[in-house]
Structure formats: C-alpha cells, structure tokens
Amino acid sequence: VDFARTTPKLSFGIAYAFVQSDITSPYAVQSAGAAQPSMGRPAKVDYNTHNFTADFLFKASGFSALGAFHYRKLADMPEDIFGRDGIGLVLQLHYLFSKDVPLAIAANASTVRGVGDDTNIQERSEIGGGLGYYFFEHGLKLEAEFEHLWRDQDQPENATPLTPPLASPDNRIRIQLSFII
C-alpha cells in the first residue's frame, strides 16, 4: 500500500540460481518429489535445477502494483523420474483512498503451470479481491478477502502427494487482524 502517496516509483529485480543436488537433499525432496522407484528407497540421482525469478513494484498516488514471475526447470533427470518443472505468475493491485481514511481495496491473481511432458505440477489458479483498514499503517491493520481457486486440469498421472489435491473450484474467505509489537 502506498501510504506516502508518492510520485510514480518503479523498482524491479531479477535473479537466477543454479542448484546442483542429489535426490536425498532437502531441496530435491521438494523439487523432485515424484522420485519413487518401486523398490523402496529412492535412488541417489544427481541432477541440476535452473531457477529464474523476476518481479516489480510500482507505486503512485495511493496506487500500488506488485508482480512476479518464476521459472524452474530440472535438468539431467533419469527417464523414470518426473520433476516439478513450471512457471508461476502473480499480480497484486492496491489502492489506498486517503491518508485520513486509510481504507484500501485490493485485487490479485496468480497461477502455477507445468512446463513440459515430464512435470508433475498440479496446475492451479486463483483470483480475488479484498478490503483493508490500516489503523497504523502495517503496524495495525484489519484485512478481509475473498479468493476463488480452481485447478486447471486433472492431476497428472505422475503427481505425488506433496500437495493435497484441490477440489475444483474452491472458495476462501479470510479475515485477519495483524499487529506488530
């Protein structure tokens, strides 16, 4: 939220990470959780992960927009192991009506998509909106939002139980009082 009601300001960032791991590392359990050979313990498999992230934040006169993109690709995986290759996108918009009456409206949208034939990502999307009242900026605030979530396709055959299946569609209402001590 643009409490200062600034003149137009834009910030952005990009990052790339290369991770080399084997199937028993904590990162591997998250990224390649589908590695479940039928003979009990997972085999030790060396592989590489490419991660790319870009994001931006724009603020002007009470309006703010935040967006982010993330791409992950596992490389050098054996034929029988499926990775969690995919992209994720998010966009959030806020508008603060005034400093005297610190009420803001918000809208957001996000999606996760699998990339390639050897991914086990469950494709999901959500869209929502909300209201926020900022008693003392982010130090004390009350927020309420409604989110509509849906799964864009059936769960892949090679999916793992890392995340529970999402009933499609699903709705979520959240009311939250936050304070910082």
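Within the 3.5 Å criterion, the main-chain N or O of Tyr95 finds no donor-acceptor partner in the side chain of Ser64. A donor-acceptor distance shorter than 3.5 angstrom exists from the side chain of Asp85 to the backbone of Leu74, with no hydrogens or angles considered. Using a distance-only test at 3.5 Å, with no hydrogens or angles considered, no donor-acceptor pair links the side chain of Glu123 to the main chain of Arg113. No side-chain donor-acceptor contact under 3.5 Å links Asp170 to the backbone of Leu149.
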Item to complete: Give the C-alpha distance, both sets of side-chain angles, the deciding distance and a yes or no for side-chain hydrogen bond (donor to acceptor under 3.5 Å, both in side chains) between Tyr16 and His50.
Response: CA-CA 7 Å; Tyr16 171 79; His50 302 275; 2.5 Å; yes
Item to complete: Walk me through it: do Ile87 and Phe69 pass the test side chain to side chain contact (heavy atoms under 4.5 Å, CB included)?
Response: CA-CA 7 Å; Ile87 61 169; Phe69 169 82; 4.1 Å; yes
Worksheet item: Given the rule in the side chain to side chain contact (heavy atoms under 4.5 Å, CB included) test, do Asn108 and Glu145 qualify, once you have shown the distances and angles that lead to the verdict?
Response: CA-CA 10 Å; Asn108 61 59; Glu145 72 177 11; 4.1 Å; yes
Worksheet entry | side chain to side chain contact (heavy atoms under 4.5 Å, CB included) between Lys141 and Gln176, worked out | CA-CA 8 Å; Lys141 61 186 175 182; Gln176 176 177 314; 5.5 Å; no
Practice prompt. For Phe136 and Tyr134, run ring pair (Phe, Tyr, Trp, His ring centres under 6.0 Å): C-alpha distance rounded to whole Å, both residues' side-chain angles, the deciding distance at 0.1 Å, then the answer.
Written response: CA-CA 5 Å; Phe136 187 67; Tyr134 299 86; over 10 Å; no
Worksheet item: Taking it one step at a time, do Asn171 and Phe146 satisfy side chain to side chain contact (heavy atoms under 4.5 Å, CB included)?
Response: CA-CA 7 Å; Asn171 296 310; Phe146 173 80; 3.5 Å; yes
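Using a 4.5 Å heavy-atom threshold, the side chains of Leu140 and Leu177 count as touching. Looking at Lys59 and Arg5, their side chains never come closer than 4.5 Å, going by heavy atoms from C-beta outward. Phe3 is listed as a side-chain neighbour of Leu96, based on a closest heavy-atom distance under 4.5 Å. Between Leu91 and Leu66, the closest side-chain pair of non-hydrogen atoms is not below 4.5 Å.
Atom CZ in Phe63 sits 7.0 Å away from atom CZ in Phe58 (nearest 0.5 Å). Taken to the nearest 0.5 Å, the CZ atom of Arg172 stands 11.5 Å off from the NE2 atom of His148. The distance from atom OG of Ser110 to atom CG of Leu89, rounded to the nearest 0.5 Å, is 9.0 Å. One finds the CD atom of Glu143 at 5.5 Å from the OG atom of Ser178 (value rounded to the nearest 0.5 Å).
Heavy-atom contacts from other residues, nucleotides or ligands closer than 6.0 Å to CZ of Phe97 number more than 12.
Remark: Glu147 engages no residue in a salt bridge (charged side-chain N to carboxylate O under 4.0 Å, His left out) (not counting sequence neighbours). Residues that satisfy the side chain to side chain contact (heavy atoms under 4.5 Å, CB included) test with Asp55, not counting sequence neighbours, are Ala68.
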